Amino acid sequence: MNWRKELVSSYTRIEDLLTLLELDINQIDPLISAKTYFPFRVTQAYASRIKPRDPNDPLLLQVLPTNDELVSPQNFSDDPVEEEPLKNNNNLLQKYHGRALLIATGACAINCRYCFRRAFPYQHVIKSRALENAFEQISRDISIKEVILSGGDPLILDDQELKRIFESLDRIKHVKRLRIHSRLPVVLPSRLTKRFIRLMRDTPLQTSLVVHVNHPNELDSLTIESLRRCKESGITLLNQSVLLKNINDDTETLIKLSEILFLAGVLPYYMHMLDRVTGSAHFEVSDAEALSLEAQLRTRLPGYLMPTFVREVSKMGSKIPLAQV
Ligand SMILES: *Cc1c(COP(=O)(O)O)cnc(C)c1O
Ligand code: SF4
């Protein structure tokens with residue numbers, strides 16, 4: 001099946017996913033009203049990796065809206081990383097030296113319940129002229145060496161649209177590197193088309209692809225195979241994860257994750273602490289627990305399979321290593 005068709009056939013009704021998983025609605029008490037603000041959305045490829053009849057499956061917990069989302073402590077807000085510029089119809093974020101993050105689209109293939117995007121009005125920032133404005137802004141600032149396509153999920157755009165973006169960036173002499181942050185290679189592996197791989201390989205820009213995997217079960221054999229194909233074409237592959245309570249906050253799971261990523265040709269990059277967005281408090285792991293996990297991992301994994309544990313702190317010039325927060 002073509003990836004676009006596959007995307008359209010995603011689960012958007014909680015009841016349908018529960019039927020697939022042979023789960024009773026009373027067993028898990030989902031938050032059906034979630035559709036009204038941050039809709040439920042899961043691809044079939046991702047759903048197929050959730051174990052049936054297990055209400056605590058670590059993949060299911062990432063996508064299923066529950067009543068826990070209604071609990072919101074005071075230090076959780078709608079804009080925890082203060083991406084205020086986006087609200088002013090500007091889709092270029094410049095927080096760190098040498099890098100600019102371009103919000104190429106507001107859409108995603110899957111809605112992860114812990115995502116900071118859940119409370120963000122991205123739909124309003126992607127106006128038709130916005131991309132052109134961003135290219136102009138980038139060409140005026142010679143300090144920008146790397147452009148990061150993010151979102152939403154930039155691989156929701158089709159190969160033709162991506163090609164146009166690549167070409168526009170390549171025309172700007174001081175831009176040397178192009179990075180794509182996307183969860184699609186994992187939640188919709190068919191998105192890694194031959195054409196896309198060729199685009200990444202053949203552009204004169206130095207490219208990298210940062211995927212997003214939180215749990216080893218997210219990498220089934222088909223996904224591993226398609227990531228390896230990318231790697232074999234010479235594309236640098238990195239992974240970022242979010243540390244999530246009851247999902248990946250234990251040493252054995254994180255060791256397995258690093259090992260399976262390497263098998264797929266991907267190196268661990270960041271382990272993010274949760275951004276404190278409204279509705280996600282039940283996913284938070286304390287700094288003390290995270291530091292202890294990090295220390296245990298260090299004694300078990302080779303250095304190159306250790307992700308850096310970081311937190312995004314607003315107004316800072318980089319992500320901050322957890323030990324320094
Ligand atoms: C995370 C992020 C980046 C990339 O940071 P790296 O440390 O280079 O991965 C760039 N811009 C913004 C706004 C970010 O949030
Ligand atoms: S931006 Fe990433 S983490 Fe957030 S909902 Fe989309 S795929 Fe999930």
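Below, all heavy atoms of this structure are taken into account, side chains as well, without hydrogens, waters or symmetry copies. Sequence positions, counted from 1, serve as the residue numbers for this chain. Everything numeric in this text was worked out from a predicted model, so none of it was measured. Numbering of ligands and ligand atoms starts at 1, following listing order.
A side chain to side chain donor-acceptor pair (under 3.5 Å) with Lys163 is found for exactly one of Glu167, Gln160, Glu161, namely Glu167. Checking each of Leu267, Val213, Val186 against Asn239 for a side chain to side chain contact (heavy atoms under 4.5 Å, CB included) leaves exactly one that passes, namely Val213. Of the listed residues (Ile165, Leu101, Ile103, Leu209), just one forms a side chain to side chain contact (heavy atoms under 4.5 Å, CB included) with Leu149, and that residue is Ile165.
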Next on the checklist: Between Asp275 and Tyr114, is the side-chain hydrogen bond (donor to acceptor under 3.5 Å, both in side chains) condition met? List the steps.
Outcome noted: CA-CA 8 Å; Asp275 290 321; Tyr114 53 83; over 6 Å; no
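With a 4.0 Å heavy-atom cut-off, ligand 1 is reached by the side chain of Lys319 but not by its N, CA, C or O. Proximity of Arg179 to ligand 1, defined as any heavy-atom pair under 4.0 Å, is confined to the side chain (atoms from C-beta onward). Only the side chain of Glu312 comes within 4.0 Å of ligand 1, judged by heavy-atom distances. Of all the heavy atoms of Arg118, none lies under 4.0 Å from any atom of ligand 2, so neither backbone nor side chain is involved.
Contact check on Asp57 versus Lys51 returns a salt bridge, with a Lys/Arg side-chain nitrogen under 4.0 Å from an Asp/Glu carboxylate oxygen.
Taking only non-hydrogen atoms, the option from Gly106, Cys108, Ser150, Ser182 nearest to atom 1 (S) of ligand 2 is Cys108. Considering each of Phe116, Tyr96, Tyr269, the one bringing a non-hydrogen atom nearest atom 9 (O) of ligand 1 is Tyr269.
For the pair Arg113 and Phe38, the cation does not sit on the ring face, since its NZ or CZ is not both under 6.0 Å from the ring centre and inside 45° of the axis.
Every atom of ligand 1 is numbered from 1 in the order shown, and the set under 4.0 Å from a heavy atom of Arg99 is 5 (O), 6 (P), 7 (O), 8 (O). Each of the atoms 3 (C), 4 (C), 10 (C) of ligand 1 lies under 4.0 Å from some heavy atom of Ile148. Those atoms of ligand 2 that come under 4.0 Å of a heavy atom in Arg117, given as number and element, are 1 (S), 5 (S), 6 (Fe). With ligand atoms numbered from 1 in the order given, ligand 1 contributes 11 (N), 12 (C), 13 (C), 14 (C) to contacts under 4.0 Å with heavy atoms of Leu101. Using a 4.0 Å cut-off to heavy atoms of Arg183, the atoms of ligand 2 that qualify are 7 (S).
At least one side-chain heavy atom of Arg41 sits under 4.5 Å from a side-chain heavy atom of Leu7.
Here Asp54 contributes atom CG and Leu59 contributes atom CG; the two are 10.5 Å apart, rounded to the nearest 0.5 Å.
Between Tyr270 and ligand 1, a contact under 3.5 Å exists for at least one N or O pair.
At a threshold of 2.8 Å, atom 6 (Fe) of ligand 2 has no backbone or side-chain N, O or S atom of Cys112 nearer than that distance.
Residue, atom and distance of the protein heavy atom nearest to atom 2 (Fe) of ligand 2 are His212 ND1, 4.1 Å. Ranking the protein heavy atoms by distance from atom 4 (Fe) of ligand 2 puts Cys115 SG, 2.3 Å first.
A centroid separation of 6.0 Å or more is found between the aromatic rings of Tyr270 and Phe309.
A donor-acceptor pair shorter than 3.5 Å cannot be found between the side chains of Gln44 and Ser48.
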